[in-house]
Structures are given as C-alpha cells and as structure tokens.
K.L.:
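Quick one: this structure, given as structure tokens, is what I'll be asking you about.
Protein chains get the first letters and strands the later ones, always in sequence-line order, with residue 1 at the start of each. Everything numeric here is computed off the predicted structure, so don't read it as measured data.
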Protein chains: 2
Amino acid sequence: MAAPAPTNRTIAHDPGEQGVATRARLLEVAGEEFAKRGFQDATVREICRRAGVNIASINYHFGDKAGLYREVFRTAVMRFKEGGKLAVPPQGTAEERLKGFLHVFMDRVTGKNHPAWAPTLMMREMIEPTEALDEVVQSMIRPTFFGLAGLVAELLGRASDDAVVLRATASVVSQCLWYRHSAHVVKRLFEGTSVQDDTPGQRADHIASFSIAALSCLRQQDGGAAC
Amino acid sequence: MAAPAPTNRTIAHDPGEQGVATRARLLEVAGEEFAKRGFQDATVREICRRAGVNIASINYHFGDKAGLYREVFRTAVMRFKEGGKLAVPPQGTAEERLKGFLHVFMDRVTGKNHPAWAPTLMMREMIEPTEALDEVVQSMIRPTFFGLAGLVAELLGRASDDAVVLRATASVVSQCLWYRHSAHVVKRLFEGTSVQDDTPGQRADHIASFSIAALSCLRQQDGGAAC
DNA sequence: GCAAATTTCAAACATTTGATTGAAACGAAT
DNA sequence: ATTCGTTTCAATCAAATGTTTGAAATTTGC
C-alpha cells in the first residue's frame, strides 16, 4: 500500500453545502473500495463512478488519492471514537466489570459504531503500518489496553505495570480480537459445529468465564494454594 | 487483491536446470514483494529486477503474474507443512502436552520453518480470501485446531465436539495468534514496558499457565466446586 | 440581479503496467 | 558439429491509471 505516503498536495477546499454532500459520498464509497481492494487496487474512476461524481472531484476536495485515503482513515477513527471511550465499567465486582467490558468490547470489535468497512481497513493498516497506526495505538488502543490492565491487576493483586498483568491482559483481549482478525477462518473452521452460530454475546460470555477462571486461579497460585 | 483470480493461462514450462534456478529466484523475490506490497502493488518489473531475470521470464515460467502468485502461495504452504504436522505431543501429563504444544505453535507462529514473508502473505489472504484460504484451512488449520481440541476436551472432561471445548480451544490459539497478527501493534503497545522483549518461549509459558489455570478451574466448576 | 466563490466537467496528458513477440543465446542429445 | 528444445532477451503494444487544465455550471452572499 504505497499510497498513504506523504504528498506535496496539501490544498483541499473547505466545502459549501454541495461540497459537503459530494465529500460525504466520496468518503463512504472510498472507504468501501479501499477496504475491499486496498489502496492501490482501488481506482479513482471506480470510486467516482460509484459515488456519482466527476473524477476531478477527488483532486478538488482531497488533493489527491492519498489525501482521500487519509481522510477516509480519519473518518473511520473518528467513528470508532464516537462510540465513546472503551472503558471498564465503574460499578460492580471486578468480575462483573470484566464481563461488562468484554461484552462492549466484543460488540465494538464485531461491528458496532463504525462503518462496516472500517475493521478491514484497520487490518490492512496492521499489515502495512503507516504513521496512522501510531495515532490509532496512541489514542485508542493504548488507553483501552491499559485501562483493562488496571482491572486485571486488581484481579491478580499485582501492580498494573507488572509483566504478568500485561501478559494476562494480552491474553484477554486477544481472545476477542481473534474473532475479528480471523473471521474468514473462523467461519470455515466452525462450519457445521456446535459453535457455528455463536453470537458476540455468547463469545463474550465464554471469554469472561475463561479469563476470570484463569485470573482467579493464577491469583490463588500466587498465594501458594493449588488451584 | 484482484490477482489470484483464475486466468486462461494454464501453460507454464517444466524447467530444466537453468529454469529451476530462475524459478527459485523469482519465487523468493516475488514472495517478499507480494507480502510487502500486496499483489496489485507488487510489479513484475521490480520482481524481475530484484531477481536478476528478464521480464518475459514470468510469463514463460508461470504463465502470468497471477500464476506466479499462486505458485508463491503454494510454496509458502508447502514450507509450513515441511515443518511437520503441528500435533499435540504424545507423551506426558495433559498439562505438559499442552505446554509443549504451545511452545511449538508459538515458534511456528513467530517464524520458524517458513520464509519470513509467509505469515504476511497469509494475513493478506485472511483479509481477501481466495480459494487458497479454503485449502489452508482444510489441510493445516483444521487438523491443528481439532487436534488441540482433543487435548482441551481431556482437560475439561468433555466431548471434543462440545461447544465449551471448541470455544476454549479458540481461547487458547487466539492468545498465540494475536502476537502474530497484531505484531506492529504489540511492538508499539509494549514499548518501554516490562514485557517489551518477551521471547516466544516466555509468551508460550504464560499462555500455558493462563490456559491451564482456566481449564482446570472450569473443570472444577463443572464438578460443582468453587474455584 | 449581479459578482465572486465554489464546484463540476470533459478532454487530455504522462506514466506505468502486464503481456506479447520474434529472435538470439544457451543447453542437451546425437 | 549439428539439431532440437529450452531459456532469455529487447522492443513493442494496448490498456489502465492518477493527475491536470481551462471552461462551464452552480452556489453563495450582497
């Protein structure tokens, strides 16, 4: 994905009302095309055809193709954020809060509060990171991860920067993310099995059980007890 | 990634000795380029330049660009398989066998027994699946997953097609795969933390502890005991 | 209604890309 | 040394691609 490289094109116009509508259509279609095909394979002609606008509109509104991509990405990140901060619930036992978090996280991972194409775009970014990934990690992933690490620390009775806490936090989030990243594999793997039609909620429930069991057991082992 | 679509080009030549060397160079370089840039963005000119061969060689040896891609993919899958079947060790307690499996799996996931570019190519395939993904799931992923499910079933005292077993197996493998799929995120996220320089072995050890704790605890809960 | 700003348009452009082609070079077998 | 098969070569081609440009159309503000 050679596109999101910096360009010398920095001028894009502030839109009037007509411009706003055109921009919105372009962003939505481009999001789909970039996600589906990747930056290089997605063409400005197809994007414009589908959006019903003239091909020069991309340069007029976004500077160039790369500018369009960057705006698409920014839009996706903003949408993620509009869902609100992905924080650990403030009320309840530690176990309840973990379960609550996992339900919200799983919903978020699965598709709530962002355009359908946004996760795929994120996955592409993870294969070929640009500076945009740094921004995403800093403003979204890190706060979420370390917020959860606080709760894991509580459950383990350790400091939240402890290596065991961080690894255990990774163990928790990875279970959720696998269903997103490996969705095509999961579909094929589970076809015809008893978990083929699992809902995000069912998965969240299981992950909560598995993780809470692990954490409480590890905590007891720390106290010298066999679990 | 529009490339791996079927083409009408089926003729490629069986190689003599010179051809074997040329093919090998092309496959290696193409693997890197396709992984790094994706099919569309990788160009036959750059691949040939780097391999030190004439541009017509691709059509001569592989039929066309798509044919080269398919052969690259086949090569990667073969290399994975040459590492031997990813099976649960036959000896030891169930816990020891799970730990042993996780170490081998983690090594495999992290980079042993295949070209450095192969996992990235797999990840691209997971974003835009082709028929090649079906083959990979069938011949590699499924046997590994359900082999592990047998061990998880043993640890849980349930049938190996039970929903809880399958979900728990997913919980185990996902912890390992996260480090591969989210490698760029993990690097950024853990920078400066106590787990920044974790080895695959350390991660496998933790995942084993976490998972064994979870499984034994879940088993006790099944028996009516609090864990 | 008018002038200025904004937006869109169609044609054109330069470059890139995968594929093709006839010939040359090379290797293998007799 | 010769013939045949294999492999590589350089030039060429057709199509696709992102970008540009001057003008026309539309919108906006007074």
K.L.:
Counting side-chain heavy atoms from C-beta on, which of C:dT21, D:dT19, C:dC9 comes nearest to A:D64?
P.N.:
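Nearest to the side-chain atoms of A:D64, counting from C-beta on, is D:dT19.
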K.L.:
If you assign each of A:A42 and B:R45 to its closest nucleotide in DNA chain D, which residue comes earlier from the 5' end?
P.N.:
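Looking at the nearest nucleotide for each, B:R45 comes out on the 5' side.
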K.L.:
What are the residues of residues 24-33 of chain B, sorted by number, that bring a heavy atom to within less than 4.0 Å of DNA chain D?
P.N.:
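Contacting residues: none.
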K.L.:
Taking only the side-chain nitrogens and oxygens of A:S57, find out if one of them lies under 4.0 Å from OP1 or OP2 of C:dT7.
P.N.:
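No, outside the criterion.
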K.L.:
A:V44 has a side chain; which of C:dG18, D:dG18, C:dC9 sits nearest to it?
P.N.:
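Of the options given, the side chain of A:V44 lies nearest D:dG18.
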K.L.:
Can you figure out which of D:dT7, D:dG18, C:dT17 approaches the side chain of B:H61 most closely?
P.N.:
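Within the option list, the nearest is D:dT7.
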K.L.:
Using whole Å, what does the distance between atom P of nucleotide C:dT17 and atom CD1 of B:I47 come to?
P.N.:
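Result: 11 Å.
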K.L.:
Report yes if the side chains of A:D64 and A:L68 come closer than 4.5 Å at any heavy-atom pair, otherwise no.
P.N.:
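No, their side chains stay 4.5 Å or more apart.
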K.L.:
Counting side-chain heavy atoms from C-beta on, which of D:dT27, C:dA12, C:dT8 comes nearest to A:Y60?
P.N.:
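The listed nucleotide nearest to A:Y60's side chain is C:dT8.
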K.L.:
Let's see if you can work this out: which of C:dC9, D:dG18, C:dG18 has an atom nearest to the side-chain heavy atoms of B:T43?
P.N.:
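The closest nucleotide is C:dG18.
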K.L.:
For A:I58 and C:dT7, give me the distance from atom CD1 to atom C1', rounded to whole Å.
P.N.:
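Checked: the CD1 to C1' distance equals 15 Å.
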K.L.:
Heavy atoms, side chains only, cut-off 4.5 Å: are A:F146 and A:L166 in contact?
P.N.:
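In contact.
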K.L.:
Are side-chain N/O atoms of B:S171 and A:Q175 paired as donor and acceptor at under 3.5 Å?
P.N.:
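A pair is found: one side chain offers a donor N or O, the other an acceptor, under 3.5 Å apart.
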K.L.:
For the pair made of CD1 in B:I55 and C1' in C:dT21, what is the distance, rounded to whole Å?
P.N.:
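Interatomic distance, CD1 of B:I55 to C1' of C:dT21: 14 Å.
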K.L.:
Among C:dG18, D:dT19, C:dT7, which nucleotide sits nearest the side chain of B:K65?
P.N.:
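So the nucleotide nearest the side chain must be C:dG18.
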K.L.:
Contact between A:D198 and B:R167 at the side-chain level, heavy atoms closer than 4.5 Å - yes or no?
P.N.:
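Touching, per the 4.5 Å side-chain cut-off.
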K.L.:
Which nucleotide in the list C:dT17, C:dC9, D:dT8 gets nearest to the side chain of B:N54?
P.N.:
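Of the options given, the side chain of B:N54 lies nearest D:dT8.
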K.L.:
When you compare the side chains of A:H103 and A:D205, does any donor N or O come within less than 3.5 Å of an acceptor on the partner?
P.N.:
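Per modelled atom types, A:H103 and A:D205 side chains form a pair under 3.5 Å.
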K.L.:
Is there a donor in the side chain of B:S139 and an acceptor in the side chain of B:K81, or the other way round, less than 3.5 Å apart?
P.N.:
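Side-chain D/A pair, B:S139 to B:K81: present.
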K.L.:
Nearest-Å distance, CZ (B:R23) to C1' (D:dT6)?
P.N.:
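That distance rounds to 14 Å.
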K.L.:
Using a 4.5 Å cut-off on heavy atoms from C-beta on, say whether the side chain of B:C48 contacts that of B:N54.
P.N.:
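In short, these two side chains do not touch, never coming nearer than 4.5 Å.
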K.L.:
Whole angstroms only, please: what is the CZ-P distance between B:R49 and D:dA10?
P.N.:
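The distance from CZ of B:R49 to P of D:dA10 comes to 16 Å, rounded to the nearest Å.
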K.L.:
Under 4.0 Å between any heavy atoms, over every strand shown, what does A:A21 touch: base, sugar-phosphate, or nothing? Just pick one.
P.N.:
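No contact.
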K.L.:
Using a distance-only test with no angle check, is there a side-chain donor-acceptor pair under 3.5 angstrom linking A:W117 and A:E33?
P.N.:
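Short answer, no.
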K.L.:
Find the distance B:N59:CG to D:dA11:C1' and express it as a whole number of Å.
P.N.:
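About 15 Å, once rounded to whole Å.
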K.L.:
In whole Å, I'd like the distance from the CZ atom of A:F62 to the P atom of C:dT8.
P.N.:
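These atoms are roughly 10 Å apart.
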K.L.:
OP1 or OP2 of D:dT27 less than 4.0 angstrom from a side-chain nitrogen or oxygen of A:Q18, does that happen here?
P.N.:
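Checking A:Q18 against D:dT27: at least one side-chain N or O falls below 4.0 Å of OP1 or OP2.
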K.L.:
Expressed as a whole number of angstroms, how long is the span from A:Q40:CD to C:dT15:P?
P.N.:
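Interatomic distance, CD of A:Q40 to P of C:dT15: 17 Å.
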